[in-house]
Amino acid sequence: MDLQPLLVEKVKDAVKQMYDVEVPSVEFQPTRKDFEGDITVVIFPMLRYVKGNPVEIGSKIGDYLQEHVEEISRYNVVKGFLNLVVSDVFYLNFFNNIKNEENYGFAETNSKASVMVEYSSPNTNKPLHLGHIRNNLLGYSVAEILKASGHKVYKTQIVNDRGIHICKSMLAWQRFGNGETPKSSGMKSDHLVGKYYVAFDKAYKAEIAQLKSEGKEKKEAEKTAPILLEAQAMLRQWEAGDEEVVKLWKMMNGWVYAGFDTTYKNLGVDFDKLYYESDTYLLGKDVVEDGLKKGVFFRKEDGSIWIDLSDEGLDEKIVLRADGTAVYMTQDIGTAIQRVTDFPDINGMVYTVGNEQDYHFKVLFLILKKLGYTWAEQLYHLSYGMVDLPSGKMKSREGTVVDADDLIQNMDKTAEEISKAQGKLEGYSKDEKKKLYRTIGLAALKYYILKVDPKKRILFNPEESVDFQGNTGPFIQYTYARIQSILRKADFDISTTREMTFDLHAKEKELLKQIQVFPETLQLAAENHSPALIANYTYDLAKEFNSFYQQVPVLPEVDQQKKQFRVQLSKKVGEVIQAAFKLLGIDVPERM
RNA sequence: GGUCGCGUAGCUCAGCUGGAUAGAGCAUCUGCCUUCUAAGCAGACGGUCGAAGGUUCGAAUCCUUCCGCGAUCACCA
């Protein structure tokens, strides 16, 4: 079915027969749209082995291929490029083979090693915001892509449910909350907790200002503000297991989880396993002791334990404090090992974490390798750029964030406005419409974020960022809906197989070529951990279909053979769009 | 200062394991709904690919230097 390996052989044969030399490899590329052809052989690299004029060599190889490979029907040579025209029969056969394949493009599960994908991992002191959305969408999508490419995948998150930031919200609630609950306030429960996080910061700033006016240095004031000291005391009480504090902690965390659940559900992401930092923050210490014995780490005079990474071009890095308490790195070492204990079949992990932690993960992976874990070779930091606003960075403390829930709601509203203006939804019930607006709004948001390279920063302008036209989620959904409309109106059994003896329209051929590269695009996306490749692929496919749709009649076609084929082709395009969008976590509507 | 990432059309982005005249969308302008959904299609306009060197038959892509933006270099997470 794949033509390329055959062509490699035949090109080699041709060169050997005519010039009596062996070329080690043959370079191909898809033929550019401006030229006639489907596959192009690049002649230039052969000039090292074959002396002569590239055009002449190309023509000779072309003659040979035309004669010896039945799939090649014509060729032309431009400069050093041999453009080959692949026969319609080849593409029609290809289509016949895959048209009824249900999971076309997807690899068999378990054909590759298992991977754990971590994403989201929020703090439990405030609601999720746009930055989390990027994280969630990326992590979820990469997990889906890995699954489709044959890996077994475990989705996980580590909930950062302890620490000083949590105590800040707790303390502020205690002090200013007057017993306010999600019920009594009517607020979404995670937003209520976030409100007190902001309240803490406000009170803290006020105290700093007060101290400064009393003549204290700024740094001194920041360190000694009473409310901060109290929060720190609360953290110590929590660690000591103080009943009162733990009770408050459980209650407020419960509120946050309830809120997160809603947001996750709205976003359409999920997890197979949750880890809580309150359970894992002590992990890793014994590993450090172990590594110390093995000589991976060393102890400084004050008793703290370090690793020397200067051979790798990095610094020394602390892994355990002098008083024996853990640092972030200690926990991460311990957690990684814990995961492999819990899921012994995993042979790799993906960490979806912002690029400000590039250095941390470089060090973490190095340490795990040095400790001798085989799976440490298969760790990947899915690093992504920040989401900035026109006004600058988002800061939860100061309340300058684009809230996740608000954003999703805004997308719904925009989708509703546009849909109403289009007026194509007669016959839909109120609930159906509402669901559809959500589907479209989310598609716009998700596609907008996933189509760009994760490494790049995103500048998000809430006023005008998310589009519904052009290279967007709704555009692709619209293409899908159009196809479904054709399928609904096709008043004959489209599954019957007919002889296909006609010539392909150029647009049909383009569509088949695009369908053909879906499996390799998926594999590439998996290797590169890149949903953007899937997004761009799907866009190209949709664009190609719309062009076809415009120029080639499907249902009005009188030739029954062609009509049958075009309906089947449209159906397949729809299926691929649906499958690809599923990898991005985006649903497709029957109508819109 | 060291390290890492980014810099492509007015804006948002593809292309980056080297290949033909650097591609899309938005915006601006022209056409196309008495054939299947105009959230569409067809076209016009728009570029010294941050700059300069180098490697190569060939560089947006690889190497070097420089410039700009960001992150990081905490016994914070």
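Below, read A as the first sequence line, B as the second, and so on, with proteins coming before strands; counting in each chain starts at 1.
- One atom, CG of Leu533(A), and another, C1' of rA14(B), lie 10 Å apart when rounded to the nearest Å.
- Rounded to an integer number of Å, the gap from Asn355(A) CG to rC73(B) P is 12 Å.
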Take Tyr539(A) and Phe475(A) through the ring pair (Phe, Tyr, Trp, His ring centres under 6.0 Å) test and state the conclusion after the steps.
CA-CA 8 Å; Tyr539(A) 173 62; Phe475(A) 166 84; 5.6 Å; yes
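- Where stacking is scored as ring centres under 5.5 Å apart with planes under 30°, Phe35(A) registers as stacked on the base of rA20(B).
- Cation-pi contact between Arg339(A) and Tyr275(A): present, with separation from the ring centre below 6.0 Å and deviation from the ring axis of at most 45°.
- A straight line from CD1 of Ile577(A) to C1' of rG40(B) spans 13 Å, rounded to a whole angstrom.
- Remark: C1' of rC26(B) and CD1 of Ile418(A) are 14 Å apart, rounded to the nearest angstrom.
- Checking the phosphate oxygens (OP1, OP2) of rA38(B), a side-chain nitrogen or oxygen of Arg482(A) falls inside 4.0 Å.
- A stacking contact links Phe81(A) to rA20(B): the aromatic ring centre lies within less than 5.5 Å of the base's six-membered ring centre, and the planes differ by less than 30°.
- Rounded to whole angstrom, the span from the OH atom of Tyr328(A) across to the P atom of rU72(B) amounts to 13 Å.
- The stacking criteria are not both satisfied for Phe44(A) over the base of rG58(B), which would need a centre-to-centre distance under 5.5 angstrom and an angle between ring planes under 30 degrees.
- With centres under 5.5 Å and a plane angle under 30° as the test, the ring of Tyr359(A) is not stacked against the base of rC4(B).
- Arg591(A) places its CZ atom 15 Å from the C1' atom of rA39(B), with the value rounded to the nearest Å.
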